[in-house]
Enquirer: 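Once you've had a glance at the structure underneath, I'll fire off some questions.
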Protein chains: 4
Amino acid sequence: MPPSDSTDQPRWRRRKDDRPQEIVAAAMDVFAERGYAAARLDDVAHRAGVSKGTLYLYFASKEELFKAVVRAAILPNLERAERLAEGAPGPTMALLDRILAMAGEMIATSQVAIIPKLVIAEAGNFPELAAFYHREVIQRVFGLLGGLLERGMARGEFRPLPIDHTVRLIAAPLLMSAMWRNSFDAVAPLDVAALIATHRDHLRRVLLVTEDAP
Amino acid sequence: MPPSDSTDQPRWRRRKDDRPQEIVAAAMDVFAERGYAAARLDDVAHRAGVSKGTLYLYFASKEELFKAVVRAAILPNLERAERLAEGAPGPTMALLDRILAMAGEMIATSQVAIIPKLVIAEAGNFPELAAFYHREVIQRVFGLLGGLLERGMARGEFRPLPIDHTVRLIAAPLLMSAMWRNSFDAVAPLDVAALIATHRDHLRRVLLVTEDAP
Amino acid sequence: MPPSDSTDQPRWRRRKDDRPQEIVAAAMDVFAERGYAAARLDDVAHRAGVSKGTLYLYFASKEELFKAVVRAAILPNLERAERLAEGAPGPTMALLDRILAMAGEMIATSQVAIIPKLVIAEAGNFPELAAFYHREVIQRVFGLLGGLLERGMARGEFRPLPIDHTVRLIAAPLLMSAMWRNSFDAVAPLDVAALIATHRDHLRRVLLVTEDAP
Amino acid sequence: MPPSDSTDQPRWRRRKDDRPQEIVAAAMDVFAERGYAAARLDDVAHRAGVSKGTLYLYFASKEELFKAVVRAAILPNLERAERLAEGAPGPTMALLDRILAMAGEMIATSQVAIIPKLVIAEAGNFPELAAFYHREVIQRVFGLLGGLLERGMARGEFRPLPIDHTVRLIAAPLLMSAMWRNSFDAVAPLDVAALIATHRDHLRRVLLVTEDAP
DNA sequence: CATGAATGAGTGTTCATTCAT
DNA sequence: AATGAATGAACACTCATTCAT
């Protein structure tokens with residue numbers, strides 16, 4: 001038996017404050033792999049290293065756990081993006097570039113890209129969740145992008161365009177990438193960064209006034 | 001009771017050849033409402049007006065029924081779109097406009113827009129279905145759009161652009177619309193046609209060589 | 001292997017119409033042994049010779065099954081007693097004797113005496129059941145006895161007494177016997193018939209006018 | 001911080017000797033409301049103002065706690081009744097009246113009337129408890145009443161009657177009242193005192209020799 | 001072909017009990 | 001003594017699938 005190093009903790013070590021996050025992380029894995037309905041709480045518990053009963057100390061039901069996963073995954077990233085966009089100086093297109101790049105990297109490398117797929121898949125069964133996601137996530141993303149567009153137009157950088165539709169058209173390839181990564185990537189992997197780069201090039205032509213008459 | 005001859009048809013004659021299609025139609029409704037996992041075959045049978053056992057005369061399992069729904073919903077529309085694109089004369093952008101309009105209308109009005117959501121949601125649980133859908137649907141859609149792009153470039157109508165990425169960027173708003181319609185439309189309805197129209201305007205700037213220097 | 005006789009039926013023999021009654025009978029046994037909460041539907045199913053799922057073909061929940069048990073056990077006996085009391089001629093005390101004897105025998109020999117105990121035990125958890133039982137059973141029993149009392153008084157056989165209380169005092173020893181049989185009989189068996197006989201003797205002194213001055 | 005001396009009492013001094021009684025009192029409430037099986041120890045702990053673990057410092061299991069509730073509720077009242085009956089002078093019927101009145105008031109106003117219902121409901125699951133209750137409660141109640149009957153007969157006040165049955169017939173309305181109060185009182189409240197008063201009137205006719213020939 | 005009664009494995013949830021602190 | 005986080009066995013209920021008719 002090898003000696004245990006100094007960080008060794010008895011396996012019953014109570015880490016009460018970390019538990020909810022550990023459970024949420026495990027749940028995200030399982031929901032990501034199986035979808036909401038097919039995910040088994042047994043698996044979540046096992047992956048979190050706790051018993052099934054422990055789940056219910058922190059989350060009242062599978063549905064509540066699901067909502068916690070959505071919140072935990074989305075909100076920090078959203079806040080990061082909003083901070084990025086808020087006080088920044090310089091050309092608006094550069095800001096938009098940075099936002100797109102950040103989103104692209106997140107989609108390419110992190111688990112959170114699974115969330116929209118999960119929410120969309122279960123929107124019919126959990127209308128309340130759909131409303132929450134629309135209000136707390138989609139509206140904020142759209143508001144963020146819409147603010148950039150308005151800023152660009154106000155500064156004469158962007159052509160006048162219908163904000164609402166353009167925002168959706170900016171976001172659509174991100175959504176598609178997130179979906180693809182969690183559905184068809186095993187069949188045909190997607191180079192998200194490259195796709196987003198081309199998206200950015202296209203957006204330049206669509207948005208910038210200076211592109212019009214080179 | 002006299003024996004009936006062989007041509008005798010009971011007046012409650014079941015249109016036995018229509019059964020599978022009726023079942024598939026009912027299944028599409030139910031899958032659309034609940035998602036694959038939460039859909040109950042009881043409901044499918046009831047909506048199709050048959051018994052649960054009858055389902056198994058035509059489909060070996062829930063999974064096979066699901067695949068049949070996907071095939072039945074997608075392939076006819078896909079063939080229609082391919083026919084539209086194939087032999088047509090005239091400017092490529094006009095062709096693309098027609099394809100987009102057709103897709104937009106389908107998304108706005110028909111049930112089939114639910115399919116991508118279902119496939120994406122269950123891709124993890126049914127990798128074979130994901131592969132099938134990628135091969136038989138996505139590849140063909142991408143091939144269709146890619147062919148148009150190549151045609152446009154060959155005729156000097158379109159600027160040279162990376163085919164593969166551009167195809168995805170053309171398709172992304174369609175996917176987003178399909179998703180939205182089946183997830184958040186109850187919360188915030190989407191005017192698909194208008195969104196696609198703006199998309200078309202943007203594409204004009206991105207694709208057409210003549211837009212560059214008016 | 002001994003030859004099976006002519007009544008032998010394949011074990012999958014469907015006896016669709018009998019199923020609910022078989023299940024109710026099994027459930028009565030299990031509820032009687034364990035009480036409502038401690039009764040396991042697995043046991044009920046096993047005792048009824050069906051699978052657990054089959055229970056749910058006929059009863060929507062454990063609670064509904066419980067109500068069905070109560071109804072099935074009580075109502076036939078109640079109707080029998082009411083028929084006994086209704087059209088009968090002769091002295092009222094003789095009628096009352098017959099009712100008491102019948103009740104005593106039922107308590108002594110049949111399963112149904114378990115029902116009041118079950119209902120009383122669960123009245124707090126199922127107020128609706130309590131209301132049903134009060135309305136459909138207790139009120140009818142009290143009405144039956146009250147009718148006899150009124151008849152006896154009208155005919156000058158019985159002394160004038162407060163109907164409502166007297167009815168309860170007539171019923172109380174029956175209830176006690178039913179409770180005892182299903183609680184303490186293993187510890188100290190009760191001779192229900194003898195107790196009821198003494199009860200009848202006491203009632204004679206209480207009720208009859210002719211006993212007063214022999 | 002100065003060291004406290006040995007007589008120092010923290011101001012939050014727990015009355016540690018009262019703990020078990022507080023727990024028993026809380027448990028009685030919860031058992032009364034829900035029945036044994038449906039009662040949650042969480043609720044008991046919460047109502048007693050202690051943690052769930054503390055329960056197990058004083059009671060080895062839910063079953064032991066249940067027995068403690070039964071003992072605590074019944075024995076003091078029983079002793080009170082026995083003291084009432086023992087040394088008293090005067091007519092036996094007056095004594096019996098007082099016993100009945102005391103029992104009636106207890107049933108009408110106190111929690112303890114819930115106990116017989118609980119014991120009877122769980123007698124099947126806890127035969128040992130049933131035996132204990134029969135031995136320590138029922139036998140003593142019957143002994144108490146039987147002693148009164150014997151005294152009355154010995155003094156020529158009461159007619160000769162079978163002690164054992166008559167005791168049960170005296171007790172039955174009390175049991176019924178206790179049951180009713182905890183089952184159907186919400187549906188149809190019972191005036192226990194009035195019922196017991198009528199019971200007393202009936203008993204007078206049954207028991208007293210002088211009533212026979214006024 | 002068609003039925004629908006029957007199955008039984010599977011899962012979310014509860015709660016008495018334990019035990020490290 | 002007291003806590004309360006953690007456990008895990010237990011159970012009601014669901015539903016895809018089967019099969020005798």
Side-chain angles (χ1 to χ4, degrees), chain A residues 10-17 19-20 37-45 48-65, chain B residues 10 12 14 16 19 37-46 49-65, chain C residues 10-17 19-20 37-46 48-65, chain D residues 12 14 16-17 19 36-46 49-65:
Chain A
R11 74 178 175 296
W12 41 259
R13 170 87 169 86
R14 302 292 195 270
R15 292 147 307 169
K16 158 172 92 128
D17 297 340
R19 274 288 146 82
R40 278 174 292 150
L41 292 191
D42 259 328
D43 286 350
V44 173
V50 301
S51 73
K52 206 161 32 153
T54 301
L55 265 38
Y56 284 83
L57 292 178
Y58 298 103
F59 304 97
S61 66
K62 190 185 187 182
E63 185 176 345
E64 287 304 317
L65 177 56
Chain B
W12 43 263
R14 312 288 188 117
K16 87 178 159 155
R19 274 288 152 80
R40 275 172 295 152
L41 292 192
D42 260 327
D43 287 349
V44 173
H46 192 256
V50 301
S51 76
K52 207 163 27 155
T54 302
L55 265 38
Y56 283 83
L57 295 177
Y58 297 103
F59 304 96
S61 68
K62 190 185 188 184
E63 187 177 345
E64 288 304 318
L65 177 57
Chain C
R11 74 180 174 296
W12 41 259
R13 171 88 169 87
R14 303 291 196 270
R15 294 147 305 171
K16 160 173 93 128
D17 297 340
R19 275 289 148 81
R40 277 174 292 151
L41 292 191
D42 258 329
D43 287 349
V44 173
H46 193 256
V50 301
S51 74
K52 204 165 26 157
T54 301
L55 264 39
Y56 285 86
L57 292 178
Y58 298 102
F59 304 97
S61 66
K62 190 184 187 182
E63 186 176 345
E64 287 305 317
L65 177 56
Chain D
W12 43 261
R14 313 288 190 117
K16 87 177 158 152
D17 298 341
R19 272 288 150 81
Y36 175 81
R40 276 173 293 151
L41 292 192
D42 259 326
D43 287 350
V44 173
H46 192 256
V50 301
S51 75
K52 210 168 18 160
T54 302
L55 264 40
Y56 284 83
L57 295 175
Y58 298 103
F59 304 97
S61 67
K62 191 185 187 183
E63 185 176 347
E64 288 305 317
L65 176 57

Enquirer: With sequence neighbours excluded, what pairs up with D/Ser51 under the side chain to side chain contact (heavy atoms under 4.5 Å, CB included) test?
Expert: D/Thr54
Enquirer: So what's the dot-bracket for DNA chain F: Watson-Crick or G-U pairs under 3.5 Å, [ ] if a pair crosses, | if it pairs off-strand?
Expert: .||||||||||||||||||||
Enquirer: Please report the closest heavy-atom contact between A/Tyr58 and A/Pro20, naming both atoms and the distance.
Expert: CD2-CG, 3.6 Å
Enquirer: Excluding sequence neighbours, so at least two apart, what forms side chain to side chain contact (heavy atoms under 4.5 Å, CB included) with B/Glu64?
Expert: B/Ala60, B/Ser61, B/Lys67
Enquirer: Nearest-Å distance, CG (A/Leu57) to C1' (F/dT7)?
Expert: 9 Å
Enquirer: Between D/Ser51 and F/dG4, is there a side-chain N or O to OP1/OP2 distance below 4.0 Å?
Expert: no
Enquirer: Determine: side-chain N/O of A/Tyr58 to OP1/OP2 of F/dA5, distance under 4.0 Å, yes or no.
Expert: no
Enquirer: Nucleotide by nucleotide, 5' to 3', does protein get under 4.0 Å of the base (B), only the sugar-phosphate (S), or neither (-) in nucleotides 11-18 of chain E, counting heavy atoms?
Expert: SBBBSBBB
Enquirer: Taking salt bridge (charged side-chain N to carboxylate O under 4.0 Å, His left out) as the definition, give me every residue that meets it alongside B/Lys52, ordered by chain and number, with sequence neighbours left out.
Expert: B/Asp42
Enquirer: Rounded to whole angstrom units, what separation is found between the CG atom of B/Leu65 and the P atom of F/dC15?
Expert: 16 Å
Enquirer: Mind checking side chain to side chain contact (heavy atoms under 4.5 Å, CB included) for D/Tyr56 and listing every partner two or more places apart, or none if nothing turns up?
Expert: D/Leu41
Enquirer: Send over the distance from B/Asp43 CG to F/dT14 C1', rounded to a whole Å.
Expert: 12 Å
Enquirer: Take the protein atom CG of C/Leu55 and the nucleotide atom C1' of F/dC13, then report the distance between them rounded to whole Å.
Expert: 11 Å
